Structure formats: C-alpha cells, structure tokens
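Remember, predicted model here, so these are calculated numbers, not experimental data. Counting convention: from 1, in listed order, for ligands and their atoms alike.
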Amino acid sequence: MRGKFLTLEGGEGAGKSTNLRFIEHYLQQQGIDLVITREPGGTELGEAIRGLLLDKQYKTMTASCELLLMFAARAQHIETLIKPALAAGKWVVSDRFTDATYAYQGAARGLGFDRIAPIEDWVQQGFSPDCTFVFDLPVEIGMQRVAQRGNEVDRFEQEQLAFFEAVRQAYLLRASRSAERYCVLDAAQPLEAVQIHIKNQLNRLIEQ
Ligand code: Z5A
C-alpha cells in the first residue's frame with residue numbers, strides 16, 4: 001500500500017522542526033515506517049541547492065532565480081526520494097514543500113500565485129501532499145523565538161516584518177481554499193496543546 005505524504009509549513013520560528021521530531025516519534029510508536037526530509041533539500045543535489053538559496057552572499061539573487069531553484073531541488077526530491085519511499089509503503093514527512101513557494105516566492109517576493117501554478121503542474125503533474133500542517137503564529141512571536149535561539153541568520157531570515165506577514169497570510173489563504181488538505185494549528189499555544197492537535201490529526205490519517 002502507498003504511504004502517506006505529510007508536509008509541515010509556517011513562518012519562521014513557528015515550531016516546524018520541533019514538531020517534526022514529535023511526529024517522527026509518534027508515527028514510529030504506531031509502527032509506521034517513515035522518511036523525514038526537508039525543502040529546499042532532502043537529496044544530495046537538493047542540499048547543494050539549499051546552500052545556494054540560504055547563502056547571504058547571493059544578495060542579488062532574483063525572485064525568479066529563487067523560484068526556479070526551489071523547483072529544481074523539488075523535482076529531484078520528488079523523483080528520487082519522495083515517490084520511491086511512498087511506493088515502498090513508507091510515510092514521508094517533509095519540513096516544507098510547495099506551499100512554501102506560494103507563500104515566500106508567490107506572496108512575499110511578489111511573483112504571484114499565477115506564475116507558480118504552471119511550474120508546479122509541470123514539475124509535480126498533480127502530485128501533492130495528503131496532509132499539510134500549517135503552524136500559524138503572529139510574526140512577532142516567531143521572530144522572538146528565533147532571536148532567542150540565537151543562530152546566525154540566513155538569506156531569508158534577514159527579511160523584515162512585512163515579508164513574513166505576507167507569508168503568513170498566504171498560508172492562511174491557501175488553507176482556506178482547500179480546507180480538506182490542511183490542518184491549521186495555533187502555534188502560539190503551549191507545545192503540549194499543539195501536539196494534542198497534531199496527534200488527533202495523525203490518528204485520523206492512520207485510520208484512513
Ligand atoms: N523557502 C522558500 O522560500 N520557498 C520554498 O519553496 C521553500 C522554502 C521550500 C528555509 O526553511 C527557508 O527556505 C525558509 C523559507 C524558504 N526561510 N525562512 N524563514 P527552513 O524551514 O529550514 O527555515 P525556517 O522556517 O527559518 O525554520 P525555523 O526558523 O527553524 O522555524 P521552525 O522550524 O518552524 O521553528 P523551531 O526551530 O521548531 O522553533 C523555534 C523555537 O521556538 C525553538 O526554540 C522552539 O523550542 C520554540 N517553540 C516551538 N514551538 C513552541 C511553542 N508552541 N511554544 C513555545 N516555544 C516554541
């Protein structure tokens with residue numbers, strides 16, 4: 001039986017990485033064989049592209065170049081990692097996927113959703129996640145969490161409040177348009193409360 005493909009989305013500091021570990025642990029406890037991955041990245045080639053995308057030295061990278069690099073990494077990711085794992089019956093959980101392209105390149109960089117949709121069709125040919133968790137958080141709180149973590153900022157994390165506000169609104173808009181695929185979580189709640197919602201959604205997916 002084909003496995004399920006889950007993706008985690010949200011602004012920075014919303015708790016994707018933290019809850020990815022929770023999801024991994026919970027699904028393993030349920031006896032589900034799974035692969036954890038991320039975008040941009042997930043494959044050797046994709047991780048090399050991620051290096052280019054996050055590197056602050058590429059200040060002049062255009063939005064179109066950024067968009068195409070995201071999809072170049074994604075094409076490799078889907079064909080060489082995600083689809084083979086799903087076909088082998090494994091679940092795949094990815095920290096970000098195409099919703100991030102709509103939010104960051106489409107909304108925040110201003111390319112527009114209409115510019116992205118044909119590229120998505122060309123690369124993915126209808127392939128999309130079975131469920132997408134959106135960790136929704138006021139931008140200021142996400143920025144505070146990241147600042148407290150104290151890591152060096154990458155090319156995206158240098159952006160300002162309005163950029164991340166556009167990202168947040170784009171996620172909420174997409175989730176409202178296809179509610180059946182999305183599970184929107186209030187990521188401002190304490191972690192334990194967020195994880196109760198995640199567990200309920202995972203149980204529903206396991207039963208399907
Ligand atoms: N990008 C793009 O532009 N287009 C695309 O198509 C794709 C990606 C796929 C890299 O992503 C960048 O790529 C990303 C968008 C772009 N840039 N940005 N910004 P990434 O996912 O690797 O980077 P990120 O979004 O910056 O991840 P992050 O900052 O690490 O966020 P997170 O994983 O959601 O947060 P976290 O590390 O789990 O949590 C942050 C802190 O908050 C941490 O100390 C936690 O302990 C704490 N935390 C988490 N949840 C809670 C709750 N509920 N209460 C209190 N504290 C909490």
For this session: Check each of L81, I78, T37 against T43 using the side-chain contact (heavy atoms from CB on, under 4.5 Å) test, and report the only one that passes.
Result: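 That would be L81; it is the only one of L81, I78, T37 passing the side-chain contact (heavy atoms from CB on, under 4.5 Å) with T43.
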Between [X] and ligand 1, which part of the residue brings a heavy atom under 4.0 Å of the ligand: side chain, backbone, both or neither?
X	value
E9	neither
Q105	side chain
R96	side chain
R38	neither

For this session: Tell me, please: is G13 in heavy-atom contact with ligand 1, that is, under 4.0 Å?
Result: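 So G13 counts as touching ligand 1.
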Exercise. Closer than 4.0 angstrom: is that true for some heavy atom of E66 and an atom of ligand 1?
Worked result: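 No, that is not the case, since the closest heavy atom of the residue is not under 4.0 Å from the ligand.
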Polar-atom distance check: [X] versus ligand 1, any N or O pair below 3.5 Å?
X	answer
D154	no
M70	no
G15	yes

Exercise. If you count the atoms of ligand 1 from 1 in the order shown, which ones are under 4.0 Å from a heavy atom of E157?
Worked result: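 Contacts of ligand 1 toward E157, numbered from 1: 26 (O), 29 (O).
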Exercise. How about Q195 and Y26: does a side-chain donor come under 3.5 Å of a side-chain acceptor?
Worked result: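 On atom types as modelled, these side chains do not qualify, holding no pair under 3.5 Å.
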Exercise. With a 6.0 Å cut-off on ring centres, are F5 and F127 close enough?
Worked result: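 Distance test on ring centres: under 6.0 Å, yes.
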Proximity winner for [atom], if only heavy atoms of [options] are counted:
atom	options	answer
atom 38 (O) of ligand 1	N19, T18, L8, I141	T18
atom 47 (C) of ligand 1	E12, R145, R50	R145
atom 8 (C) of ligand 1	P40, S17, P190	P40

Exercise. What closest approach, in Å, do H77 and R38 show between heavy atoms, and which atom pair accounts for it?
Worked result: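 Minimum heavy-atom contact is CE1-O, 3.6 Å.
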